[in-house]
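Supplied in structure tokens, the structure appears directly below.
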Amino acid sequence: MAVTGIVLVLFLIAHMLGNLKIFTGQTSFDHYAHWLREIGAPLLPGVWFLWILRTVLLVAVLAHIGAATTLALRARAARPVRYAHRRPVQGSYAARTMRWGGVIIGLFVIYHLLDLTTGALNPVGDPSRPYANVVADFAPDRWYVTLFYTLAVVAVGFHLRHGAFSALRSLGQQTPRGERRARAVALVLAVALCAGYLAVPFAVLTGLVD
Amino acid sequence: MNLTLRIWRQSGPGDKGRMVTYPVADISPDMSFLEMLDVLNERLTLAGEEPVAFDHDCREGICGACGMVINGNAHGPQRGTTACQLHMRHFTDGETIDIEPWRARAFPVVKDLVVDRNAFDRIIAAGGYVTAPTGSAPEAHATPVAKANADAAFEAAACIGCGACVAACPNGSGMLFTAAKVTQLGLLPQGQPERYTRVLGMVDAHDEAGFGGCTNAGECTAVCPKGIPLSTIGRLNRDYLRATAKRGDTPGT
Ligand code: HEM
Ligand code: FES
């Protein structure tokens, strides 16, 4: 969980920084997207580098889901008879929503790929013009798309809040003071990523980017 | 105080079990939770009914025998307190209280609120000890221990093995118990020879017993009557990573 999670967090950071390029204007953003398809040239032909990245991400996502499924099945088997009186959450709310949160994020990613990578669900839907796709996506009359993106990004925030701390713990973070620090790092990471990701749809919604 | 109790009744391992409602009257707020159950049991016995079976021994919060889930909380609503040390003044007159046994596949119900916690003994047997000859207590300064390590080891050694961590864990994991022992022994010089075989053996025994996997959810430490910190699990993880990198050792010997 921890290792694949870290790969995905690195992607999330890079992706967020890439998205923020939208504030530098259409030419720059579109150029960035085209550049993504040329990294590695001339050593690697065409979109190879991108496909290598995609493969790494896919492997990480599948391994992440696989490990999560094993844990969930073990948890279910470990408590065959449920409590009649369900206990309130005393630890962390984020920790208790990892499984459903993960499922929601997974569904979002599928929608998101069909929306902004293939363009199938996008009003413009031209993969060579990502700036136009994004602007059309978050237009005010498509507020429900922005809403769904917002919910998904907040879900990612919760997922990271526990996930980042838990990954550090799994990799051997062991002192109480380090625990406070690890929790702080996870919280800052979650908030920063949420803010960075939400900046784009809200900039389009409010007309800051058009 | 007058209370309504809803208690898990199960005549034996083969019985399906069910929640049964019992009214109890004239309970003193100064009684402990177990004394309140004693009152109920006396009345049940007089009425010719089967008393409610529950584990207990010291009744002063140090043996780890007692344990039940009270209104969804392992050992009840007060933090850092075993069920035997919980007083009825934490409840309100007229309240309905749900009482259930620890729920875990590794802790099968023996009867009513009594569960079989042998799985914990198997985890300890797989490495929760030191093989150095003991004899009489050694002179305290013979083996120096850094104060910080002594304190952290002592904190972990406070575990009474009651099983509340398992009862509270959303994954049904016994990792806090396992980690407490790994931490205690791993921080002391006497625990070093078996340090890495210990962690492998104990985690294997833990998984074999049918406990779930830890996801650092932190519910365990919230209910632990001895306040064993969640950071012990980090120590276990670190030892486990080192141990698996070392390879070639046989666990538990
Ligand atoms: C609201 C914030 C987001 C915006 C505006 C956004 C925008 C985009 C855009 C424009 C692309 C297409 C890039 C291209 O084809 O050149 C893309 C791809 C992608 N996004 Fe996002 N994204 C956001 C949030 C997220 C989140 C939270 C995740 C993950 C949980 C995510 C995962 C992905 C993935 C996996 C790809 C495909 C990468 C590939 O294989 O090419 N995105 N996104
Ligand atoms: S009876 Fe000993 S700890 Fe409660």
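Sequence lines set the chain letters: A, B, ... in the order given, protein chains first and strands last, and positions in each chain run from 1.
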Exercise. By a 4.5 Å heavy-atom criterion (distance strictly below it), what part of B/Arg79 contacts chain A: side chain, backbone, both, or neither?
Worked result: side chain

Exercise. Between B/Ala104, B/Pro101, B/Ala168, B/Ala106, which shows the greatest number of heavy-atom pairs under 4.5 Å with chain A?
Worked result: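 Highest number of pairs under 4.5 Å: B/Ala168.
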
Exercise. Any residues in residues 170-185 of chain A near chain B, with a heavy-atom distance under 4.5 Å, and which are they?
Worked result: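 Against chain B, the residues of residues 170-185 of chain A that fall inside the cut-off (heavy atoms, under 4.5 Å) are A/Ser170, A/Leu171, A/Gly172, A/Gln173, A/Gln174, A/Thr175, A/Pro176, A/Glu179, A/Arg183.
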
Exercise. Within a radius of less than 6.0 Å around CZ of B/Arg117, do more than 12 heavy atoms belonging to other residues, nucleotides or ligands occur?
Worked result: yes

Problem set entry | Side chain / backbone / both / neither for A/Arg82 at chain B, heavy atoms under 4.5 Å | backbone

Problem set entry | Pick from B/Gly210, B/Cys169, B/Ala209 with the largest number of heavy-atom pairs that fall under 4.5 Å of chain A | B/Cys169

For this session: Report yes if the side chains of A/Met1 and B/Asn216 come closer than 4.5 Å at any heavy-atom pair, otherwise no.
Result: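 Side chain of A/Met1 against side chain of B/Asn216, heavy atoms only: no contact under 4.5 Å found.
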
For this session: Between chain A and each of B/Val223, B/Leu236, B/Leu230, count heavy-atom pairs under 4.5 Å; write down the option with the most.
Result: B/Leu230

Exercise. Would you say A/Arg79's side chain and B/Arg103's backbone share a donor-acceptor pair under 3.5 angstrom?
Worked result: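 Side chain of A/Arg79 to backbone of B/Arg103, a donor-acceptor pair under 3.5 Å: yes, one is there.
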
Exercise. If you tally heavy-atom pairs under 4.5 Å against chain B, which of A/Ala95, A/Ser92, A/Ala94, A/Ala77 wins?
Worked result: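 The option with the most such pairs is A/Ala77.
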
Problem set entry | A/His162 side chain vs B/Thr215 backbone, donor-acceptor pair below 3.5 Å | yes

Problem set entry | Interface residue of largest heavy-atom contact number with chain A, from B/Ala222, B/Pro229, B/Ala217, under 4.5 Å | B/Ala217

Problem set entry | More than 12 heavy atoms of other groups within 6.0 Å of A/Phe23 CZ | yes

Exercise. Tell me, side chain or backbone of A/Arg169 under 4.5 Å from chain B's heavy atoms, or both, or neither?
Worked result: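 Answer is both: backbone and side chain atoms of A/Arg169 are under 4.5 Å from chain B.
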
Seminar exercise, completed: Assert top hit (heavy-atom pairs under 4.5 Å, partner chain A, pool B/Gly218, B/Pro170, B/Cys220, B/Gly17) equals B/Pro170

Exercise. Sequence neighbours excluded, which residues qualify as salt bridge (charged side-chain N to carboxylate O under 4.0 Å, His left out) partners of A/Glu38?
Worked result: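 If we apply the salt bridge (charged side-chain N to carboxylate O under 4.0 Å, His left out) test to A/Glu38, skipping adjacent residues, there are no hits.
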
Exercise. Is it true that atom CZ of A/Phe158 has more than 12 heavy atoms of other residues, nucleotides or ligands lying nearer than 6.0 Å?
Worked result: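 For A/Phe158, atom CZ is not crowded (no more than 12 foreign heavy atoms under 6.0 Å).
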
For this session: Ignoring hydrogens and angles, tell me if any N or O in the side chain of A/Arg74 forms a donor-acceptor pair with the backbone of B/Phe211 under 3.5 Å.
Result: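 A pair under 3.5 Å: yes.
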
Problem set entry | Engaged part of B/Asp207 at the chain A interface, taking heavy atoms whose separation is under 4.5 Å |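 For B/Asp207, heavy atoms of backbone and side chain both lie under 4.5 Å from chain A.
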
For this session: With a 4.5 Å cut-off on heavy-atom pairs, point out which of B/Ser173, B/Gly212, B/Ala152 contacts chain A the most.
Result: B/Gly212

For this session: Would you check if the side chain of A/Tyr83 reaches a backbone N or O of B/Glu100 as a donor-acceptor pair within less than 3.5 Å?
Result: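 No, because the side chain of A/Tyr83 does not come within donor-acceptor range (under 3.5 Å) of the backbone of B/Glu100.
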
